[in-house]
There are 2 protein chains.
Amino acid sequence: MSDTRAALVAAAIDTLRESGFATASARRIAQRAGCNQALVFYHFGSVTDLLVAALEEVSAQRMDAYRCLLDRTGTLTELIDSAREVFEADLEAGHVTVLTEMISGAQSVPGLGPRVAACLAPWREFAREAVRGVLAASPVARLVPADEAAHAVVAGLLGLEMLASLDGDQAAALALFDRARALGDILDRIRPLAALLDLGGAARANTREDS
Amino acid sequence: MSDTRAALVAAAIDTLRESGFATASARRIAQRAGCNQALVFYHFGSVTDLLVAALEEVSAQRMDAYRCLLDRTGTLTELIDSAREVFEADLEAGHVTVLTEMISGAQSVPGLGPRVAACLAPWREFAREAVRGVLAASPVARLVPADEAAHAVVAGLLGLEMLASLDGDQAAALALFDRARALGDILDRIRPLAALLDLGGAARANTREDS
DNA sequence: GTCTATACTTGGATAGAC
DNA sequence: GTCTATCCAAGTATAGAC
């Protein structure tokens, strides 16, 4: 890939993160990339196409980091710990901001929505796999289908990111991870008792389905 | 309040909802309101000020609807039912879209962030009150502080709205409310058993604090 | 209060020199 | 591939007629 191409993509990411979708013009991005405005159209055809390329780049980067984590997630507690680690880094680096800016910006550009959705698909698929892995070993598997739980997780991360960027403070978001971790521990401690409740029937039924 | 003023606010709300922050210009909004572009500046001073007025209007409208619901929420199940009802209406009418567009748009306009945050404050305060009311009668009160739970609820709603607008489908969001309702029922059934677990200690300790 | 007209700025996009 | 130059559309904002 060309050198300026990469510079433009990087500048587009920075612009989306720091100034948002509404100011992400060819001129501003090119200035940040240290090159001419016309190169945006030469390399990408349009500003929108450059922004999509930027989102794809962020997506690809994050997927690499995420997959490394999926290997070391057995229990719910472990998953939450890993998720917190990744999310904190993403929050700090502004990766999720790029995503939320593109999602809301998609309302303003006809045809952009499906393209953004396509970039988000791997994130959602990853969340589904991670959640499925944890639920398989948990008695709540039948209470909360993996698809729904994954949707809730992705929505929660997007919402936490928006509030963090609005407040200029990510402490509230990180505190929720710590809380989730504590609840995960309790769920682990409850598990042996599940058989005493009617929850046990659901859990066993689910185990049979899996085999 | 002047007639055109109201028309401009209404047009701004519609524009934010249907075309997003990036296209919400004085010309477009004025055209939608059926009046001249210059009136935006005469009545509001700037486009940004008009958009803030639009968000304030939506906020005020929703607060009225929300407070009517707070009266009839005793149990967790009732709260979730009410929340689903309101959220479904908001999703349909696009009230939350206006909010998410303004939050992400705030990245693009210096000084807009705090003003949007001020509009969001009543929503967050309301969520805090609603959550507090339910948690007071629940054994999980000490496990999840009301402030944190409310933050999670607001973040969740924002995220669900973004995904719904991206997918053009709010079924996944509504399904999560149904799931939350089912989990709420289970929590109610678990409550009598809480005293048998170490959760009971926390719940009783909390009850003492309240008295 | 509302309109027209206008000044000024920024942005998307292309043509053509190098 | 990269730049300059340019066209045109759209935006913010103001002045002034009505």
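Residue numbering restarts at 1 for every chain, and letters A, B, ... go by the order of the sequence lines.
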Let me know the distance between OH of Y42(A) and C1' of dC18(C), rounded to the nearest Å. 14 Å
Separation of R27(A) atom CZ from dT4(D) atom C1', in whole Å? 12 Å
Distance in angstrom units between H43(A) NE2 and dC3(D) C1', rounded: 12 Å
Taken in chain and number order and not counting sequence neighbours, the residues that satisfy ring-ring contact (aromatic ring centres under 6.0 Å, His included) with F44(A) are none
Which of the following nucleotides, dT4(C), dA13(C), dG1(D), is nearest to the side chain of V47(A)? dA13(C)
Look at the side chain of R28(A) against the base of dG11(C) and say whether a donor-acceptor pair falls under 3.5 Å; ignore hydrogens and angles. no
Mind calculating the distance between CD (Q37(A)) and P (dT10(C)) to the nearest angstrom? 14 Å
Between A26(A) and G34(B), whichever has its closest DNA chain C nucleotide further toward 5' is G34(B)
Within the structure, does a side-chain N or O atom of T4(A) lie under 4.0 Å from either OP1 or OP2 of dT2(D)? yes
Within a 6.0 Å radius of atom CG on D64(B), are there more than 12 heavy atoms belonging to other residues, nucleotides or ligands? yes
Please report the distance, rounded to the nearest Å, between CG in L39(A) and P in dT2(D). 5 Å
Measure up the F126(A) and Y66(A) rings against each other and bin them: parallel (under 30°), tilted (30 to 60°), perpendicular (over 60°). tilted
Among dG1(C), dT14(D), dT14(C), the nucleotide that comes nearest once only the side chain of A38(B) is considered: dT14(D)
Whole angstrom value for the distance that separates P of dT2(D) from CG of D3(A): 8 Å
Of the nucleotides dG11(C), dT2(D), dG1(C), which one has an atom closest to the side chain of S25(A)? dG11(C)
Looking only at side-chain atoms of S46(B), point me to the closest of dA13(D), dC3(C), dT2(D). dA13(D)
Could you state the CG-C1' distance from L50(A) to dA13(C), rounded to the nearest angstrom? 14 Å
Give a yes-or-no answer on whether the side chains of T4(A) and S2(A) include a donor-acceptor pair shorter than 3.5 Å. yes
Answer whether the closest heavy-atom distance between the side chains of D185(B) and R181(B) falls below 4.5 Å. yes
Separation of dG1(C) atom P from F41(B) atom CZ, nearest Å, is 18 Å
